There are 2 protein chains.
Amino acid sequence: MQTTQSLWNNSRLNDDVAFWLRLAEMTVMKRVADALRPFELRPALYAVMVLIEANPGRKQHEVGEALRVAASNLGVLMETLARRGLIERERTPGDVRSYALTLTAAGADLLAEVKAALDRVLADTDRIIGDRREPFLAVLSDLAGHTALAPDA
Amino acid sequence: MQTTQSLWNNSRLNDDVAFWLRLAEMTVMKRVADALRPFELRPALYAVMVLIEANPGRKQHEVGEALRVAASNLGVLMETLARRGLIERERTPGDVRSYALTLTAAGADLLAEVKAALDRVLADTDRIIGDRREPFLAVLSDLAGHTALAPDA
DNA sequence: TATTGTTATACTCTATAACTATA
DNA sequence: TATAGTTATAGAGTATAACAATA
């Protein structure tokens, strides 16, 4: 049955970057979400943990900017991770309003496990991408506005 | 301020296709959603209309498969479009259970307007992608499993 | 038995506004 | 005045299961 094939071939969507971007993102993120589920983590929570691990002591709104998560939504994510004992929030000395975010030992341990599990899933997508990885990432970064990589100088 | 830059550079996410895919998709689809809002359409509704226009008479579950939208959710979308008089659902002669989907004249008129508005937005992303368009679309298609393009022969 | 489509419900992520407290 | 973070609420999309009607 090649029903869906002809549907796409007849459609303007076949040439539409936006919707192929959407389909590809859905497919990949679904795999990521499935890999995270056994750890009771969702993509947003995992991304927060990775960023905190790589940048300990950062403030909440800094993590939010990097991940494009609104401050209001990030607060809930942080509360979830803190309540599970995976991250720690300490008031910064300089500014009492903000937190310094770090992973707890339990958080670091869990993250190591998660990364291993996720690597198996992402290895699959890496294989699909093959040697097109670098130019592909470049386009994605450009489309994302690469504000997270190269802010207006 | 280059706060977010260092956050990404220190992070494993910097090399992670899944999350760059997510950021790029969010950025582009936000523009699409903004362009559709004046017409009181959402991305999912627009995609349905385009697919019906290009493939008149198709059944509901066929459109759902092409767009990767579950039948349960697609029914609501169709009801929305039908109630606005943008699509028409006629029972197929061969199978009383299924619908033959077509755009109404009003639906076709609206879609033409929407496409013009959307072209202006997508032209912007096209400019960013430049001559990398073809290989970029190829990777996206591969990641999406290209089941919508080349079903198991 | 399998398929087409519907209904209901829950979950995830995002967006917005109003708010407190501090700088 | 501006910033850091919280709370509440709404919206869009997805996922699942149970269901009726038909093939």
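Chain A is the first sequence line, chain B the second, and so forth, proteins listed ahead of strands; every chain is numbered from 1. The model shown is predicted, which means the values in this text are computed figures rather than measured ones.
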Novice: Quick check for you: among C:dA23, D:dT14, C:dG5, whose closest atom lies nearest to any side-chain atom of A:Val96?
Specialist: C:dA23
Novice: Measure from the side-chain heavy atoms of A:Asn73 and tell me the nearest of C:dT14, D:dA4, C:dC13.
Specialist: C:dT14
Novice: Taking the side chain of A:Met26 as its heavy atoms from C-beta onward, which of D:dT14, C:dT14, C:dG5 lies nearest to it?
Specialist: D:dT14
Novice: Is there, by distance only and without an angle test, a donor paired with an acceptor across the side chain of A:Ser72 and the base of C:dT14 below 3.5 Å?
Specialist: no
Novice: I'd like a table of donor-acceptor pairs (distance under 3.5 Å, sequence neighbours excluded) in which one partner is a side-chain atom from residues 27-36 of chain B, with atom names and distances.
Specialist:
unit_1: B:Thr27; atom_1: OG1; unit_2: A:Arg68; atom_2: NH1; d: 3.4
unit_1: B:Thr27; atom_1: OG1; unit_2: B:Leu23; atom_2: O; d: 2.8
unit_1: B:Arg31; atom_1: NH1; unit_2: B:Asp124; atom_2: OD2; d: 3.2
unit_1: B:Asp34; atom_1: OD1; unit_2: B:Arg37; atom_2: NH1; d: 2.8

Novice: Applying a 4.0 Å non-hydrogen cut-off, can you work out what A:Ala44 is touching in the nucleic acid: base, sugar-phosphate, or nothing?
Specialist: sugar-phosphate
Novice: Base, sugar-phosphate, or nothing for B:Met78, non-hydrogen atoms under 4.0 angstrom?
Specialist: nothing
Novice: Expressed in angstrom and rounded to an integer, what is the separation of B:Leu101 atom CG from C:dT4 atom C1'?
Specialist: 12 Å
Novice: Identify which nucleotide among C:dT4, C:dT22, D:dT6 has an atom closest to any side-chain atom of A:Asp95, counting heavy atoms from C-beta outward.
Specialist: C:dT22
Novice: Between A:Lys59 and A:Asp95, does any side-chain N to carboxylate O distance fall below 4.0 Å?
Specialist: no
Novice: Rounded to the nearest Å, what distance is computed from the CZ atom of residue B:Arg37 to the P atom of nucleotide C:dT14?
Specialist: 15 Å
Novice: Are any side-chain N or O atoms of B:Arg89 and backbone N or O atoms of B:Ala100, one a donor and one an acceptor, separated by less than 3.5 Å?
Specialist: no
Novice: Using a 4.0 Å heavy-atom cut-off, does B:Arg22 contact any base of the nucleic acid, only the sugar-phosphate backbone, or nothing at all?
Specialist: sugar-phosphate
Novice: Quick check for you: among C:dT3, D:dT6, C:dA8, whose closest atom lies nearest to any side-chain atom of B:Arg97?
Specialist: C:dT3
Novice: Of B:Gln60 and B:Lys30, whose nearest nucleotide on DNA chain C comes first from the 5' end?
Specialist: B:Gln60
Novice: Remember a base hit wins even if backbone is also touched, and classify A:Arg89 as base, sugar-phosphate or nothing at under 4.0 Å, heavy atoms.
Specialist: sugar-phosphate
